[in-house]
A.B. asks: 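Below are the structure tokens for one structure; questions will follow.
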Amino acid sequence: MHFRFIKLALLASLTTLLSGCYERHRTTDSLCESYPALCAELNVNDGQCRIQRTNLIWQRFDVQKNPTDAEKFKELQFTYGYQKCLEYAARIEPTELKERKSIRMNALIHSYDAIKRLNLELSTSPDPDIIYYRWSQGDQNALRQFLLLEGTPKLETPALQLALATYYTYKDKEKTLALLKHALELYNKGDKIQPEIIQGLATISHQEGFTQNAYIWATVGSHFKLPVANKEKLAALYPMADSKRETLDNSANKITNALKNGEFTADMMK
């Protein structure tokens, strides 16, 4: 009986402790009170950029707990979002509390410094997403690093296959198409498909004269509510016998269902 009481007491204290951990920072204000550095130089207590600011503060907290490159990269992205909002907000003339404009300007300047710091901290990261980001910012060394990862498991995600395809777009159209189709193979059931992949397949197929493939991908795009030509325009753009159009529509339907179920394979387009 005494042992059971001890177990219950320990369980109760553990529950209280865990509850305390979760309850302690249920609001952004309480987080800022406990960790002032997370919120320093931000336009706190200001209605402008509240969502972006809140996202950034909590992400900074995540970095503080787990300072990995991946978490820092998220912080960098949230900082960019906050900065973009501030660039607009800093131009607004407050009807009251005129000092708010000065606070917003200081927060904007701080965001530039924060981005510079994070870019420096991530400048040697081996994370392929970060390498691609540095390449997208014009870092040619990062481009070479990224291309060295081609064919390795590190690039086996739809987003990174799309990134690789962008490099080959003006160099090797056949390879670009293969990379885009492989990107689609990597999706699982229920995943949200990046529209640029399907749009790229339709556009390049059209440019290369693969009219039937272009029609199929445009039709697949319409099934995913992408901004493609309507049926009438597709019919004018790709004239063909009704029987042939029906065959291609069936193929597009099969591909659409396969993509939604995470079962697409490039062989389906042969």
Side-chain angles (χ1 to χ4, degrees), residues 55 59 62 68-71 73-74 76-78 80-81 125-136 142-143 145-208 210-231 234 238 247-270:
N55 289 337
Q59 183 55 39
D62 287 342
T68 62
D69 287 348
E71 293 296 340
F73 189 43
K74 291 178 188 176
L76 177 62
Q77 292 169 313
F78 280 126
Y80 272 123
S125 173
D127 185 307
D129 287 297
I130 297 172
I131 292 172
Y132 171 60
Y133 159 73
R134 296 203 310 267
W135 163 31
S136 71
L143 170 58
Q145 281 181 279
F146 190 79
L147 292 177
L148 286 173
L149 295 175
E150 184 178 349
T152 71
K154 290 185 176 181
L155 294 193
E156 286 295 291
T157 70
L160 292 176
Q161 287 296 301
L162 173 60
L164 192 59
T166 62
Y167 172 77
Y168 287 105
T169 299
Y170 299 106
K171 297 176 174 61
D172 188 334
K173 290 290 197 299
E174 185 177 349
K175 185 169 186 174
T176 302
L177 289 170
L179 288 167
L180 291 173
K181 284 183 281 188
H182 181 51
L184 293 178
E185 291 179 317
L186 297 175
Y187 280 107
N188 296 314
K189 184 177 181 178
D191 287 349
K192 185 176 181 180
I193 295 174
Q194 287 182 262
E196 295 86 356
I197 298 175
I198 296 174
Q199 290 169 338
L201 285 163
T203 300
I204 296 173
S205 295
H206 177 80
Q207 291 172 344
E208 294 299 293
F210 304 139
T211 56
Q212 293 184 23
N213 287 0
Y215 177 85
I216 288 173
W217 287 119
T219 305
V220 170
S222 69
H223 293 328
F224 281 98
K225 304 292 190 291
L226 302 186
V228 295
N230 58 35
K231 281 190 175 184
L234 284 177
Y238 302 112
T247 299
L248 297 184
D249 284 340
N250 287 335
S251 294
N253 289 335
K254 288 178 182 177
I255 289 171
T256 299
N257 290 331
L259 288 171
K260 289 179 178 179
N261 291 319
E263 297 172 348
F264 173 80
T265 64
D267 290 341
M268 296 179 73
M269 283 300 296
K270 284 187 176 179

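The structure presented is a predicted model; accordingly, all values stated were derived computationally and were not measured.
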A.B. asks: Could I get the full list of side-chain contact (heavy atoms from CB on, under 4.5 Å) partners for A218, not counting sequence neighbours?
C.D. replies: L234
A.B. asks: Taking the side chain as every heavy atom from C-beta outward, state whether L164 and L147 have any pair of such atoms under 4.5 Å apart.
C.D. replies: yes
A.B. asks: Can you list everything that forms a side-chain contact (heavy atoms from CB on, under 4.5 Å) with E174? Sequence neighbours excluded, please.
C.D. replies: D172
A.B. asks: Is the backbone N or O of L149 less than 3.5 Å from a side-chain atom of T152, with the two atoms forming a donor-acceptor pair by type?
C.D. replies: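 Yes, because the side chain of T152 sits within donor-acceptor range (under 3.5 Å) of the backbone of L149.
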A.B. asks: For the atom pair CG (L184) and CD (Q194), what is the distance rounded to the nearest 0.5 Å?
C.D. replies: 10.0 Å
A.B. asks: For S251 and I216, work out which heavy atoms get closest and say how close.
C.D. replies: CB-CD1, 4.0 Å
A.B. asks: With the side chain counted from C-beta on, respond yes when Q145 and W135 share a heavy-atom pair under 4.5 Å apart, and no when they do not.
C.D. replies: no
A.B. asks: Would you mind reporting whether N253 and H223 have side-chain heavy atoms less than 4.5 Å apart?
C.D. replies: yes
A.B. asks: Ignoring hydrogens and angles, tell me if any N or O in the side chain of D191 forms a donor-acceptor pair with the backbone of N188 under 3.5 Å.
C.D. replies: yes
A.B. asks: Tell me the closest heavy-atom pair linking V220 and A252, and the distance in Å.
C.D. replies: CG2-O, 3.7 Å
A.B. asks: Examine distances only and state if a side-chain atom of Y132 and a backbone atom of D127 form a donor-acceptor pair shorter than 3.5 Å.
C.D. replies: no
A.B. asks: With ring centroids as reference points, do H206 and Y238 lie under 6.0 angstrom apart?
C.D. replies: yes
A.B. asks: Both conditions, 6.0 Å and 45 degrees, for the charged tip of K171 above the ring of Y167: are they met here?
C.D. replies: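 Judged by the rule (NZ or CZ under 6.0 Å from the ring centre, within 45° of its axis), K171 counts as positioned above Y167.
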A.B. asks: Taking E71's backbone N and O only, do any of them form a donor-acceptor pair with Q59's side chain (distance below 3.5 Å, no angle check)?
C.D. replies: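 Flag set: sc Q59 to bb E71 pair under 3.5 Å.
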A.B. asks: Going by heavy atoms in the side chains, are L177 and N213 under 4.5 Å from each other?
C.D. replies: no
A.B. asks: Checking K173 side chain against T169 main chain: does a donor-acceptor pair fall under 3.5 Å?
C.D. replies: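 Side chain of K173 to backbone of T169, a donor-acceptor pair under 3.5 Å: yes, one is there.
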A.B. asks: If you compare all heavy atoms of A202 against all heavy atoms of A214, which two are closest, and at what distance to 0.1 Å?
C.D. replies: O-CB, 3.8 Å
A.B. asks: Give the minimum heavy-atom separation between K189 and N261, together with the two atoms involved.
C.D. replies: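 In terms of heavy atoms, the two residues are closest at CB-O, 3.6 Å.
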A.B. asks: Can you tell me if R134 uses its side chain to pair, donor with acceptor, with the backbone of D129 under 3.5 Å?
C.D. replies: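 Here the side-chain-to-backbone pair does not exist.
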A.B. asks: I need the minimum non-hydrogen distance between P126 and I131, along with the two atoms involved.
C.D. replies: O-CD1, 3.6 Å
A.B. asks: Does K260 qualify as a cation-pi partner of F224, given the criterion of NZ or CZ under 6.0 Å from the six-membered ring centre and within 45 degrees of its axis?
C.D. replies: yes
A.B. asks: A side-chain contact here means heavy atoms from C-beta on lying under 4.5 Å apart; do L180 and I204 qualify?
C.D. replies: yes
A.B. asks: Whether the side chain of T166 engages the backbone of A163 through a donor-acceptor N/O pair (distance < 3.5 Å, no angle test) should be reported.
C.D. replies: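 The answer is yes, because a donor-acceptor pair under 3.5 Å joins these two groups.
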A.B. asks: Quick one: does any side-chain atom of E185 pair with a main-chain N or O of A266 as donor and acceptor, under 3.5 Å?
C.D. replies: yes
A.B. asks: Would you find a donor on one side and an acceptor on the other, under 3.5 Å apart, between the side chain of S125 and the backbone of D69?
C.D. replies: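 Checking the backbone N and O of D69 against the side chain of S125, no donor-acceptor pair under 3.5 Å is found.
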A.B. asks: Do L248 and T219 come within less than 4.5 Å of each other through their side chains, counting heavy atoms only?
C.D. replies: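 Not in contact.
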A.B. asks: So, for F264 and Y187, is the gap between ring centers shorter than 6.0 Å?
C.D. replies: no
A.B. asks: State plainly whether the residues E263 and K254 are in salt-bridge range, i.e. N to O under 4.0 Å.
C.D. replies: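 Looking at K254 together with E263, the answer is no, because their closest N to O distance does not fall below 4.0 Å.
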A.B. asks: May I ask you to test the L201-K181 pair for a side-chain heavy-atom distance under 4.5 Å?
C.D. replies: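 The answer is yes; the side chains approach within 4.5 Å.
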